[in-house]
Number of protein chains: 2
Amino acid sequence: MTASRPRRPLTLRDVSEASGVSEMTVSRVLRNRGDVSAATREKVLTAAKMLGYVPNKIAGGLASQRVNLVAVVIPSLSNLVFPDVLGGISAELDDTGLQPVIGVTNYSPAREEMVLYDMLSWRPSGVILAGVEHSKASRAMLTNAGIPVVEIMDIDGEGIDTLVGISHIRAGREMAARIVAAGYRRIGFVGTHMPEDHRARKRLAGFETGLGEAGLQLEAREYYQGGSSLLKGRELTGRILGRAPDLDFLYFSNDMIGAGGLLHCLDKGYDIPGRIGLAGFNGVDLLDGLPVQLATTDARRLDIGRRAARLVAGKDTPPADRIVALTPSFRPGDTIRAT
Amino acid sequence: MTASRPRRPLTLRDVSEASGVSEMTVSRVLRNRGDVSAATREKVLTAAKMLGYVPNKIAGGLASQRVNLVAVVIPSLSNLVFPDVLGGISAELDDTGLQPVIGVTNYSPAREEMVLYDMLSWRPSGVILAGVEHSKASRAMLTNAGIPVVEIMDIDGEGIDTLVGISHIRAGREMAARIVAAGYRRIGFVGTHMPEDHRARKRLAGFETGLGEAGLQLEAREYYQGGSSLLKGRELTGRILGRAPDLDFLYFSNDMIGAGGLLHCLDKGYDIPGRIGLAGFNGVDLLDGLPVQLATTDARRLDIGRRAARLVAGKDTPPADRIVALTPSFRPGDTIRAT
DNA sequence: ATGAAAGCGCTAACAA
DNA sequence: TTGTTAGCGCTTTCAT
């Protein structure tokens, strides 16, 4: 038995009248707050359900000065890594009454600023955002918001409040060390050329540092723009090996183009990992079924999401130094010689 | 020059006092509404920026009874298709002042109900949600909300308000017709077993209808649960061909497991598309670099997102029959014999 | 072009 | 256990 189509959205008052109970008590029942007798409770719930009442959180938020939203700001949804992070956040927020609201910046600081402004105007209970590089205005907004702010993915830089992530500089450096230890010497890099993808940039910087520590340097680089796909990985790999045929290792800025590169090398019949070795970054499960498994670094995406969520939810307290540093783990796969 | 850290969030009143202009005029400036002299305008903007004022949309929404949010409800983010849909929505909403808010249901009707309840309690200007199958309560909520409701992806079923999508029944049926026309006769299916993935179910049903019209039927099926990956596609394909080695075609419920199946067949050295043909569904670009291109059907994800967004934004008016039917397009790839 | 008053629908704080 | 009152920060409406 449903009520007929209302022209005006229902309010607490409607439920109050239908149940013969004060608005305040109705409010209490609907929020499970305070003591309400079982009988009243029943009456109210029945009336609310019959009318099809949906509370107005706009009004509720204004009155209580409290909003159960957590702003989550990420650069992209099509980059495979972010859905994983969101999964971790969402899982950990599930039993807290907090709800994530997602904003996408497309790696643009200007857009990030707009998205933040928009989200903060809803007065969320906390903010989780990717990266530590933000415009001055963004930093100011976040500082002034007076709510927990967790910057995720990257811990190389100055945080606003709390950081949760891995060091990409170190991840790049350690990959270089492994590659050198495995005996590779003529090493090339294939990666994105987005100036705003700071994490990719830092990995490369760390990688070059690592090579330098072994007295080596990058022999060739190939950059691309836009999203990553197998096809692009193939093309770029063909190109870099065309220019520098004697490379014996390729480091890719992510698994997707790394896998494309791998397919190119398989196509050409190169001996992997003997003649040439390959490594990507992220640890994307999606690609696990390829004929040969790409070496990579697991970026701990799920854990990053979880830890960040626990912090904004108040389940964890931030460490004294305000940095939660996770350890990326190396996955050898089949594309790098055993040391 | 930034103002010092405020303990209390800033209000219009603060900007009003700092600029010596009434709250009302400040409000007008900040929303570009009504006539305000250039001088006043300047004063207000300066004051607002200096203080770092961020408007309170909670209060604004309550006062104006208008909220610039569009609820977007989808089953999953890790399924590659939804980010594409979101891309279309986001692109089309960009110049409307409307903002998408994403909710994820994990293919659970109960969760969909909760997500909807939650989102509707923020009084959004419209709702876009995937699929036409919803709980009775969900339908009631949406009907009573008094806002545009666009159900996307699927047009096989009864809509609440407006539908934008493709017919999955027809997509399955047409794929069957092509396969039969190409001369394949012993056909198997590999797909998800989620009872709540209605679109996959309908494609299979349409596919079987199509086979039936040619006097054929499925020779074998292999179901799986959970997400799709290359690895899973490999395993299932190995399994189904183990059980039914004489199959000459495999229809997969999506491109990801289809690609896995393809890799398995390449591994085994099967003649593709001679000895065995393969087809997936969706038209996912990500996989374009595989050694052999999988036949598939482009599900028009981006267009679906765009058209849905145009409808909720009022850029388009719904057709008389309230159904925007898009035509999925077949992509032959290399895994199906030429007709 | 600008301002003053009222009130959006709810909840905090207090009273009964 | 239930009810009353005031007011959250903004926008609508009307006045000037």
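Quick note on labels: first sequence line is chain A, next is B, and so on, each numbered from 1. These numbers come from a predicted model, not from an experiment.
In summary, contact between chain A and DNA chain D, defined as any nucleotide atom under 4.0 Å from a heavy atom of the protein, begins and ends at D:dT1 to D:dG9 in the 5' to 3' direction.
Atom CZ of A:R307 is surrounded by 12 or fewer heavy atoms from other residues, nucleotides or ligands within 6.0 Å.
Each of B:R41 and A:L12 was matched to the nucleotide of DNA chain C holding its nearest heavy atom; the match closer to the 5' end belongs to B:R41.
In this structure, the separation between CG on B:N56 and CG on A:L62 is 6.5 Å, given to the nearest 0.5 Å. Here the straight-line distance linking atom CD of B:E151 with atom CD1 of B:I160 works out to 4.0 Å at 0.5 Å rounding. For the atom pair CD1 (B:I304) and CD1 (B:I166), the distance works out to 5.5 Å, reported to the nearest 0.5 Å.
Among residues two or more places apart in sequence or in another chain, the side-chain contact (heavy atoms from CB on, under 4.5 Å) test is passed with B:S121 by A:V54, A:K57. Take A:S125 and apply the side-chain contact (heavy atoms from CB on, under 4.5 Å) test, not counting sequence neighbours, and it matches A:L98.
Contact record, A:R8 with A:T11: NH1-CG2, 4.3 Å, taken as the closest heavy-atom pair. In terms of heavy atoms, A:L86 sits closest to B:L77 at CD1-CD1, 3.5 Å.
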Problem - Test salt bridge (Lys or Arg N to Asp or Glu O under 4.0 Å) applied to A:R306 and A:D303, step by step - result: CA-CA 5 Å; A:R306 297 195 95 102; A:D303 290 325; 5.8 Å; no

Handout entry: Residues B:V15, B:L10; criterion side chain to side chain contact (heavy atoms under 4.5 Å, CB included); working and verdict
Key = CA-CA 8 Å; B:V15 183; B:L10 295 166; 5.9 Å; no

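One finds a side-chain N or O of A:Y53 lying less than 4.0 angstrom from the OP1 or OP2 phosphate oxygen of C:dC10.
Salt bridge annotation for B:D94-A:R111: present, with a cationic side-chain nitrogen under 4.0 angstrom from a carboxylate oxygen.
Judged by distance alone, with hydrogens and angles left aside, the side-chain atoms of B:T46 form a donor-acceptor pair with the main-chain N or O of B:E42 at under 3.5 Å. Checked by atom type and distance alone, the side chain of A:T143 pairs as donor or acceptor with a backbone atom of A:R139 at under 3.5 Å.
Of the residues in residues 18-40 of chain B, those with a non-hydrogen atom less than 4.0 angstrom from any atom of DNA chain C are B:V21, B:S22, B:M24, B:T25, B:R28, B:D35, B:V36, B:S37, B:T40. Within residues 54-66 of chain B, the residues that have a heavy atom under 4.0 Å from DNA chain C are, in order of number, B:L62, B:A63, B:Q65.
Look at CH2 on B:W122: it is 16 Å from P on C:dG9, rounded to the nearest Å.
When the C1' atoms of four end pairs are superposed on the next four at each end of the helix from C:dA1-D:dT16 to C:dA16-D:dT1, using five pairs per end, the two resulting axes differ in direction by 30°, to 10°.
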